[in-house]
Amino acid sequence: MAVNKNSNGYTFLFSIVMVVVVGAALAITSQSLKPLQTKNDADKKRIDILGAIQVKATRENAAQMFEQYVVERVAINYNGDVLNSKTGAIDATDKNDPFNVDIQKEYRADVKKIVKESGKNQEEMAARLSAAPVSFPLFKCNKDGEILYVIPVVGTGLWGPIWGYVALKDDKQTIYGAKFDHKTETPGLGAEIKEYFFQEKFENKTLNTSSETVFSVVKGGAPTNEHSVDGITGGTVTSKGVDEMINRTLKVYIKYFESVNNQRAQR
Amino acid sequence: MSEVQEAIVEKKSEPLFSKKNRKLISDPLNDSNPITVQVLGICSALAITVQVQQAVIMSLSVLFVLIGGNIIISLMRNGIPDRIRIIVQLVIVAALVIIVNEVLKAFLPDISEKLSVFVGLIITNCIIMGRLEAFALANKPGPSFLDAIGNGLGYAWILLAVSIVREIFGSGAISFPGMGQVKFLPEGWFIGNGGFYENNNMMILPPMALVVVGVIIWIQRSRNTKLIESH
């Protein structure tokens, strides 16, 4: 049977069949691999959280190590009020579990736009953020008897998203450790936030809880004090992004820590 | 799949590794190198040659997609309507890249993380479309498979050469997949630690990749006189 390959009918038929076949192949691949991918993402998150308190976990033992070290998972809102709190094993399907809160998704959906539009206007940003459907997870860890608080942070670097975890000591002011990661920062420049030499600088610095600027990442080479660290030379925009995300996020948790302290004092 | 096709090719016509077919592999390494002679795929050669390990992972991914794309297009070559052939090629390449990415995410999450942005770059890599259009559409799967390997390797060695130069002079280190970055210069040599040496930051920036590729083209042309055009 001779088919005219240049006829419109054949071209349409060919496209339709191709799209259906390719679409089906992609859908099957995506659906069949999804459980594995979700598990990998959750394990990666556990490894990162444990990394902030300087516990090295692997993909194999991440779940078990996480249960061993993380004693409580709390979610708070922008005003520092507790939304809910969980202990014990993580149920991957439980949307209320603070572990399952996807702060990167929330950042993309609401926070990013608010931060960009309000600029330096702190009041506007605070008002809009408190109205937005955003929650802030907090992981309370017990590392060899020492209580540590791990706070996830999300922000924007030069080319794309940056994120990380900041661990505070029991005094809720001193930084125990920090871990940062990025998606597409410039290798050798902004991408260096991923390296330990940069993260190490945060250790044992303190938060300036009485000031508007809780913590700062200063321009490479500028003098630093107990409330600031040196940024990355040549990675100015990424360093600024780290500065912005830490400041914006930690303020929320300071409110929460204060309210916890007040409740204790009243009792 | 490819093995079956090769077997058929062997029976029907010349052997797979005939002299003509061997040239399909050796030519792209030198005489018709995709980057230095055809000047295709330059974009990714600039973007991801800062570290050797990225160049290796990118080369392997391109090699895989090139082989898959070449074989599939070659099998379909008699059925593809001429007027929409570019779209068909694009769909096949994009689908392959997405499948590769999904599989890596599920089974090799650590490698997938390193690859992240480069996956998108593979789809836009001109070498792949170039080979599909110029070779796979007109040839049987066997030769197309060899052509893909040749061009993939031709792309890979340039990427490796450029990334080795850039990483040594830009970061004072060499990195291999799975090993991380190995810094071989003593810390005390660096100016920051009171020494005399400083990494050349320019090497990390994209323009230097172009300069290094230019130097490679220069060396290649001075040795391979076939490439010099007569004016």
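Proteins come first, then strands; the chains are lettered A, B, ... in the order of their sequence lines, and each starts at number 1. As the structure is a prediction and not an experimental result, all values here were calculated from the model.
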(request) Go through the structure and list residues passing side-chain contact (heavy atoms from CB on, under 4.5 Å) with A:Phe197, not counting sequence neighbours. (result) A:Glu192, A:Glu195, A:Lys201

(request) Among B:Glu167, B:Gln51, B:Lys105, single out the residue with the greatest number of heavy-atom pairs under 4.5 Å to chain A. (result) B:Lys105

(message) Is B:Asn199 in contact with chain A via its backbone, its side chain, both, or neither, using a 4.5 Å heavy-atom distance?
(response) neither

(request) For A:Tyr10, look at atom OH and say whether over 12 heavy atoms of other residues, nucleotides or ligands are found less than 6.0 Å away. (result) yes

(request) Can you establish whether the number of heavy atoms outside A:Lys86 located under 6.0 Å from its atom NZ is more than 12? (result) yes

(request) May I ask you to check whether over 12 heavy atoms, not counting those of B:Trp157, lie within 6.0 Å of atom CH2? (result) yes

(request) May I ask you to check whether over 12 heavy atoms, not counting those of A:Lys240, lie within 6.0 Å of atom NZ? (result) no

(request) With chain B as the partner chain, list the residues of residues 36-45 of chain A whose heavy atoms fall under 4.5 Å from it, by residue number, and write 'none' if nothing qualifies. (result) A:Leu36, A:Gln37, A:Asn40, A:Lys44

(message) Heavy atom to heavy atom, less than 4.5 Å: which residues from residues 14-22 of chain A reach chain B?
(response) A:Phe14, A:Ser15, A:Met18, A:Val22

(request) Identify the residues of residues 81-97 of chain B whose heavy atoms come closer than 4.5 Å to a heavy atom of chain A, ordered by number, or report 'none'. (result) B:Pro81, B:Asp82, B:Arg83, B:Ile84, B:Val88, B:Val91, B:Ala95

(message) To the nearest 0.5 Å, what is the distance between CG on B:Leu205 and CG on A:Leu189?
(response) 6.5 Å

(message) Rounded to the nearest 0.5 Å, what separates atom CD1 in B:Ile99 from atom CG in A:Leu33?
(response) 9.5 Å

